[in-house]
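Read the structure below first, then the notes.
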Amino acid sequence: MKVLNSVFLFGLSASFIFYFYLKTKQFHTSQVYPIRKKMYASLAGIPLGFLLIFFALNQFVLFDGWITYVVGIVFIIYGLYMAVVNYKKYQHYEQFIEEETRLNQK
C-alpha cells in the first residue's frame, strides 16, 4: 500500500510541476501570439486532468468508504474528460503556430 501511495504521490507531484511550468509559459508568451497562448493553456490542461486522476487514485488507497469511491470516480471521469478535450484543443491550435509565427515576423 505504501508503494502504491508513493507512486500516486509522485504522479501527483509531476502533474502539478508540468501544469505550473506550462501555465508559466502561457503567461510569459507575448500578446502578439494569441494562438500560442491558447495552445499553452490547452497543453496545461492535460497535466491538470492527470492531477485529478492521481488525486482520486491516491484517495482510493488512503481511505475506505462509499463517499470516497463516488467522489473519486467523479474526479477520474472529469480528469479524463479534461485531458482528452485539452489534448484535442492542443492538436487544433498546433496547426496554426507556424502560420502565426510567419505572420508576426513581417
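- Listed for the Lys37 side chain is a donor-acceptor partner under 3.5 Å among the backbone atoms of Gln26.
- The number of heavy atoms from other shown groups lying within 6.0 Å of NZ (Lys23) is above 12.
- Of all the heavy atoms in Tyr19 and Ala44, the pair that sits closest is CD1-O, 3.1 Å.
- Here the closest heavy-atom approach between residue Gly45 and residue Met82 is recorded as O-CE, 4.1 Å.
- Distance check: Ile46 CD1 to Lys89 NZ gives 11.0 Å after rounding to the nearest 0.5 Å.
- When only modelled atom types and interatomic distance are considered, Lys88 and Gln91 share no side-chain donor-acceptor pair under 3.5 Å.
- Following chains of ILVMFWY side-chain contacts shorter than 4.5 Å, one can reach Ile73 starting from Leu80, so the two form part of one hydrophobic cluster.
- The cluster map of Ile, Leu, Val, Met, Phe, Trp and Tyr, joined by side-chain heavy atoms under 4.5 Å apart, puts Tyr87 and Ile77 in the same cluster.
- Here the shortest heavy-atom pairing between Leu22 and Leu43 reads CD1-O, 3.5 Å.
- A 4.5 Å side-chain heavy-atom check between Met39 and His92 finds every atom pair outside the cut-off.
- Summarising the geometry of Ala56 relative to Gly72, their closest heavy-atom pair is CB-O, 3.4 Å, with the distance given to 0.1 Å.
- The side-chain heavy atoms of Leu57 and Ile76, taken from C-beta on, include a pair separated by under 4.5 Å.
- No side-chain heavy atom of Tyr78 sits less than 4.5 Å from a side-chain heavy atom of Phe75.
- Taken together through direct or relayed side-chain contacts under 4.5 Å among Ile, Leu, Val, Met, Phe, Trp and Tyr, Val74 and Ile67 form parts of separate hydrophobic clusters.
- Separation of atoms CG (Asn5) and CG (Leu9) is listed at 4.5 Å; rounding is to 0.5 Å.
- Between the CD1 atom of Ile53 and the CG atom of Leu12 there is a distance of 11.5 Å, given to the nearest 0.5 Å.
- Interatomic distance, His28 NE2 to Tyr40 OH, rounded to the nearest 0.5 Å: 12.0 Å.
- The number of heavy-atom neighbours closer than 6.0 Å to OH of Tyr81, taken from other residues, nucleotides and ligands shown, is 12 or below.
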Could you walk me through whether Phe55 and Leu51 pass side-chain contact (heavy atoms from CB on, under 4.5 Å), step by step?
CA-CA 6 Å; Phe55 179 77; Leu51 184 107; 5.7 Å; no
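- With 3.5 Å as the limit, one finds a donor-acceptor pair spanning the side chains of Arg36 and Thr101.
- Qualifying side-chain contact (heavy atoms from CB on, under 4.5 Å) partners for Ser13, counting only residues two or more places apart in sequence or in other chains: none.
- Other residues, nucleotides and ligands contribute over 12 non-hydrogen atoms within 6.0 Å of the CD atom of Gln95.
- Every residue was checked against the ring-ring contact (aromatic ring centres under 6.0 Å, His included) condition with Phe50, not counting sequence neighbours, and none meets it.
- Phe63 and Leu4 sit in two unconnected hydrophobic clusters of ILVMFWY residues. Membership requires side-chain heavy atoms under 4.5 Å apart, directly or through other members.
- Within the model, atoms CD1 of Ile97 and OH of Tyr90 stand 8.5 Å from one another, a figure rounded to the nearest 0.5 Å.
- Residue Phe60 holds its CZ atom at 11.0 Å from CG of Asp64, rounded to the nearest 0.5 Å.
- Asn104 contributes no side-chain N or O that, together with a main-chain N or O of Tyr33, makes up a donor-acceptor pair within less than 3.5 Å.
- Distance alone, capped at 3.5 Å, is enough to place a donor-acceptor pair between the Glu100 side chain and the Ile35 backbone.
- When hydrophobic clusters are built by joining Ile, Leu, Val, Met, Phe, Trp and Tyr residues whose side-chain heavy atoms come closer than 4.5 Å, directly or via intermediates, Val85 is grouped together with Tyr93.
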